[in-house]
Amino acid sequence: MFQNLTPLAADPILGLMAAFRADSNPHKIDLGVGVYKDAAGHTPVMRAVKEAERRLLATQVTKTYVGPAGASLYNEYVAQLILGRELAESTRDLRCTFQTPGGCGGLRLAAEFINKCNPGARIFVSDPTWANHIPLLGDAGLQIATYPYYDYATHSIQFDAMMAALEQAHKGDLVLLHGCCHNPCGADLTQDQWRAVRDLALKNGFTPFIDLAYQGLGDGVDEDCFGVRLLAAAVPELIVVSSCSKNFGVYRERVGAFTLLCQDNASMKAASSLIAATARGIYSMPPDHGATVVEMILGDSVLRLDWEQELTQMRERISGLRTLLVQQLRAAGVDRDFSFIEHEKGMFSFLGLSVPQVQRLVKEHSIYLVDSSRINVAGISEGNVDYLVASIRKVLG
Ligand code: LMR
């Protein structure tokens, strides 16, 4: 059965992690996978996470099963985190949240669930989008369509073209939107653009599906949910998949959630039973440790404040690195205008280099980034920015 298989190429993002680790160049820089890094290049365990883990270890008395939906308190706190308290209250009878194995588990669970409700449903994804969206959604049976999003020439959103394409999305279709910190381009919808998307969703009847993987790393924990909350208050059906990987730094613990908003309580209850059965058929139930830690932080005012403060520092550090990179490129006499990087949000931006130029950065300079020239800005530091700028200058010729 397995004799005719041939090895696949490494995952374009995850493959870079292994290549970076194996590189002995002391100047190497990792701008690949989207993880936060401090000035020393480390991805720390956040203070509140450490403290919650310490408490958990001291007080946990059982590791018996929880269930396909995960912990109900975690689910409620996550719903409040993404919707805000007021909306969480007013939608109480219309919504359900499922704890999932990371954002990826949430995306896959949502896709499998949608495919049961509407087999082969069409989902419009932005061009470009995070590479893993395609297998996570497509392998579940959804049909992938795209809408134009990022204009590489002007480094801005092609909003008119996006809206023209979304005119083709109707009832039964879904439209995947990045809640904040667009991955891979860092260009986010403005508040007016979100309003226009809401109006189109209401007019055409498609179901918005928001991937919220970077809450708190763009403009702030509440600010980054502008689109989620605007749509949740207006549209009859909404899907939100959120992740705690980045904003709680619990990447390997796999902590995420799938939140569904329905038109009425009876639909929500029926949908909820189908989601539970779907989760049971894929992974039975999500891992507990990371979600319990997040639950403890969100439920304790002191830990929560400390988490928010550390998250703010992370966000401000990334935004400072954006400015630093742009300034240093300018100071080094690089002609090309990179100022757009300063205005983009979250961990990612495209440098706008060609694949051969990216390959030179990787092979000749040990600077690791994906072929699209997406960089994880958090991988830049005060200590490596000069080497990075000099290397970019060289490959630009
Ligand atoms: C990324 O885009 O680098 C992250 O979301 C990590 C991943 O799983 O690809």
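We count ligands from 1, going down the list as the structure has it; atoms in each ligand are counted the same way.
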> Which residue supplies the protein heavy atom nearest to atom 4 (C) of ligand 1, what is that atom called, and how far is it?
Replying inline: K246 NZ, 3.1 Å
>> Just so I know, are the side chains of H155 and C185 near enough to count as touching, which here means a heavy-atom distance under 4.5 Å?
In response: no
> Against heavy atoms of R374, which atoms of ligand 1 measure under 4.0 Å?
Replying inline: 1 (C), 2 (O), 3 (O)
> So, R229 and D222, do they make that salt bridge, N to O below 4.0 Å?
Replying inline: yes
>> Taking only non-hydrogen atoms of Y214, do any sit less than 4.0 angstrom from ligand 1?
In response: yes
> Would you say I13 touches ligand 1, if touching means a heavy atom closer than 4.0 Å?
Replying inline: yes
>> Between the side chains of D224 and K345, is the shortest nitrogen-to-carboxylate-oxygen separation below 4.0 Å, so that they form an ion pair?
In response: no
> Who's the nearest protein heavy-atom neighbour of atom 9 (O) of ligand 1, and how far?
Replying inline: W130 NE1, 3.1 Å
>> Heavy atoms only, cut-off 4.0 Å: how does N376 contact ligand 1, side chain, backbone, both, or neither?
In response: neither
> Are any of the N/O atoms in G34 less than 3.5 Å from those in ligand 1?
Replying inline: yes
>> Show the atoms of ligand 1 that are less than 4.0 angstrom away from any heavy atom in V33.
In response: 3 (O), 6 (C)
> Are side-chain heavy atoms of E344 and V377 found at a separation under 4.5 Å?
Replying inline: no
>> Is a donor from one side chain sitting under 3.5 angstrom from an acceptor on the other, for D337 and S339?
In response: yes
>> When you compare the side chain of L212 with that of C225, does any pair of heavy atoms fall below 4.5 Å?
In response: yes
